[in-house]
Student: 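So that we are looking at the same thing, I have put the structure below in structure tokens.
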Amino acid sequence: MKCKLCGGTAVINMHQHRLSLCGEHFLQWVPVQVARAIKKYRMFGPDERILVAVSGGKDSLALWDILLGLGYHADGLHINLGVGNGYSAESQARAEAFAAARPGAALRVVDLAREYGAGIPELARMRRGRKACSLCGMVKRHIMNQAACSGGYDAIATGHNLDDEVAVLLQNTLRWSVSYLARQAPVLPGEPGLARKVKPLVRLRERETAAYALVRGIDYIYDECPHAEGATTLFYKEILSQLETRSRGTKEMFYLGLLDAREQQGAFRSDDEKVEMHPCARCGQPTTAPGLCAFCRLWAGGTKDTQGEV
Ligand code: AMP
Ligand code: ZN
Ligand code: ZN
């Protein structure tokens, strides 16, 4: 397998692009794809400040690396979720090691247990009946938004890649979760109190972000979170890869088809979609719930008093 550009030994063959590249050319190709996505979906401009949500995994570390390489002002945010068996400690260590090796890459760490009183496993036990993964998603969204707004960032960037997005899309389609289908996008515009959210890796596949991290020598955490609802997502990813094997480009077709159906054909649009938001009485973040937002309600019943901390 030879590099299409220089004839050297290729490190990756991307069937859907009919393109094999050597390490050097692959490291040039990836940022070009990301820069195109940023421009095409108008994610952010060259002077805006970006907060990259860094989990310690391959996607978000690759994303941070690419944005810094493209010359963006990109700082990192890592949330230590207090997941045991060394998972959270290792994740934080990877994010910190990455930042330490790059002067100018500022990383902020929010430790859930230390700052709010409990990590995800403890919270899930306290709030029996709530799955750790849905709690975790809500907690991460809240902390990311809080950090972006208080830090004056223009956008939060996450490492979601095409495989993540199509797996979620398959799930949302199977369930006909219309409100999610109406919102799943590379950019969610900001509103007062809610930071813009962007996914600059949406056009890259998981194996491409993994290859990028490997070739760049980025040390990332390989393990899935022990709580992960990973089984279902992995199953959907597997099915989509089988479809892709049969018919090249299926993933792009499925994902870009959603964007097109919505933007060009008005699918999933509803006039009464705008729900009323008001500031949470405790943290001030916009919420649809009467009184406290979902995050503040989590803590209202116990653990440390978080008044004024969020
Ligand atoms: P996940 O929800 O685990 O699939 O992660 C999706 C994206 O959310 C990652 O690519 C990161 O950008 C972000 N993320 C996940 N976990 C964390 C974390 N503990 N701290 C900061 N960002 C995170
Ligand atoms: Zn080459
Ligand atoms: Zn709140």
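Read the numbers this way: they start at 1 and go in the same order the structure lists the ligands and their atoms. One-based numbering along the sequence shown.
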Student: May I ask you to determine how many protein N/O/S atoms are under 2.8 Å from the Zn ion (ligand 2)?
Tutor: 4

Student: Cluster partners of L194, using ILVMFWY side-chain heavy atoms under 4.5 angstrom, listed by chain and number?
Tutor: M277

Student: Just by distance, do the side chain of E244 and the backbone of T250 share a donor-acceptor pair under 3.5 Å?
Tutor: yes

Student: Looking at D163 and R207, is any side-chain nitrogen of the basic one under 4.0 Å from a carboxylate oxygen of the acidic one?
Tutor: no

Student: List the atom pairs, with distances to 0.1 Å, where a side-chain N or O of residues 20-37 and a protein N or O form a donor-acceptor pair under 3.5 Å, not counting sequence neighbours.
Tutor:
unit_1 : atom_1 : unit_2 : atom_2 : d
S20    : OG     : N13    : OD1    : 3.2

Student: I need the SG(C296)-the Zn ion (ligand 3)-SG(C283) angle, rounded to 10 degrees.
Tutor: 110°

Student: Could you check whether Q184 and E165, counting side-chain N and O atoms only, form a donor-acceptor pair closer than 3.5 Å?
Tutor: yes

Student: Is R262 reaching over with its side chain to a backbone N or O of L181, donor-acceptor style, under 3.5 angstrom?
Tutor: yes

Student: Hey, is E252 close enough to R205 for a salt bridge, meaning N to O under 4.0 Å?
Tutor: yes

Student: With the side chain counted from C-beta on, respond yes when D154 and F44 share a heavy-atom pair under 4.5 Å apart, and no when they do not.
Tutor: no

Student: Do you know which two heavy atoms are closest between S55 and S91, and how far apart they sit?
Tutor: O-CB, 3.3 Å

Student: Ligand 1: which residues have a non-hydrogen atom closer than 4.0 Å?
Tutor: A53, V54, S55, S60, L77, H78, I79, L81, K140, M144, T158, G159, H160

Student: Mind telling me whether Y116 and F295 have parallel, tilted or perpendicular rings, with 30° and 60° as the class edges?
Tutor: perpendicular

